[in-house]
Amino acid sequence: MSAAIITPSGAGDRGQAGPGLQPGWGVSPERQQAVGELLGALVPPAGRVAPGQLRAVTAGLAARRGLWADLVVRDPDVRWYLPLHRSNSCDVWLLAWERGQDTDWHDHGGSSGSFAVAEGCLVERYRAPGGRRIARRRLLACEAVAFGPAHVHDVAHGGGGSATSIHAYSPPLMAMTYYDATEYGLIARETVAVDAPEGARGRGGAGTALAAASASAAKLTPDALPADAPSIDELLAEARGGLARLRPEAAFAVLTDGAVLVDIRPLEQRTAEGEVPGAIIIGRNVLEWRLDPRSEARIPALARADAQIIVMCSEGYASTLAAATLRRIGLREATDLDGGFQAWKAAGLPTRPTQPPS
Ligand SMILES: [Fe+2]
């Protein structure tokens, strides 16, 4: 990931040179270039972009899932957003909406705009032109609206599953005024400078933990790691060096001889894959506390130095690290299932659908 400030490729050639996206937002230069190329075909190279042209941008981007679908973050607590493009003439944003999330009443500081629903459903309430009447429209996927600089609206998740939308503004959003809905109509409450779309009830890009982590990772180079820190591959190889791992047939044989198969897969994985009859399910996050003979949270029947524990995960990677840790805390017979549940099932050994939790 580049940490450079990026202006979408070719923008300068079309006279759209602008500030570009700030670093750390998690949109790769290649993706910014692809978005910039799409915009280059739809909007004029400079100056104010008309609402209809902005609608072509939002609708066009909404239809190109490959440009944004993998970037979306679902946050149940606060509306999420990410800038996809910024030039001197317009900015474009990706927004994600969950049930109950909305924007509050606002205008766009004199910018024209458009938004297109890409997934799910949004409801827009807006001040009807020329009066105090409030209109309402429900927008489904592939539907887009455009508005001029006087538009005041409140956009909300429209029910059902998660929603995603693409928003564009021209000139780029700089300020917004918020309004209170009163019996006398919409009354301006405050005007604030903004660097985010659709109001303050959102958190996105650099404001999210994910983006902060992405920005931090962008600065990280292998040189920044301690010299003696093993890679995950080295850690795995080291762990396997101390284990007598068991293939499924061998594991099946020792299970009838007193060994215990411990399934550390999460519920979602067990539900999707199935389970092994008789396996003991212990979550990976509590494994050591359940099996350390000194732990108050131990399972007495299993937390023994001589317990023959065979740790199983889905494919036999996480189980190796777990088994190595069990050996470190004294379970000298602990090992793991080579190939995990997948290999067990492929060998034709007993499985069954996972029982839902009671
Ligand atoms: Fe808005």
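What you see below is based on every heavy atom in this structure, not just the backbone, and it leaves out hydrogens, waters and symmetry mates. As the structure lists them, so they are numbered: ligands from 1, and atoms in each ligand from 1.
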Problem set entry | Ion pair Asp292/Arg304, N-O distance below 4.0 Å | no
Exercise. If you check every N/O/S atom of His106, which is the one nearest the Fe ion (ligand 1)?
Worked result: NE2
Problem set entry | Rounded distance [0.5 Å steps], NE2 in His153 versus CG in Asp102 | 11.0 Å
Exercise. Is the Fe ion (ligand 1) less than 2.8 Å from an N/O/S atom of His151, whether that atom is in the backbone or a side chain?
Worked result: no
Exercise. For His108, what is the atom name of its N, O or S atom nearest to the Fe ion (ligand 1)?
Worked result: NE2
For this session: Examine His151 together with His106 and report whether their ring centres are nearer than 6.0 Å.
Result: no
Exercise. Would one find an N, O or S atom of His167, in either backbone or side chain, under 2.8 Å from the Fe ion (ligand 1)?
Worked result: no
Exercise. If you look at His153, which of its N/O/S atoms is nearest to the Fe ion (ligand 1)?
Worked result: NE2
Exercise. For the side chain to side chain contact (heavy atoms under 4.5 Å, CB included) test, which of Leu261, Ile264, Asp263, Val260 pairs with Ile280?
Worked result: Val260
Exercise. With no hydrogens and no angle check, do the side chains of Arg240 and Thr320 hold a donor and an acceptor under 3.5 Å apart?
Worked result: yes
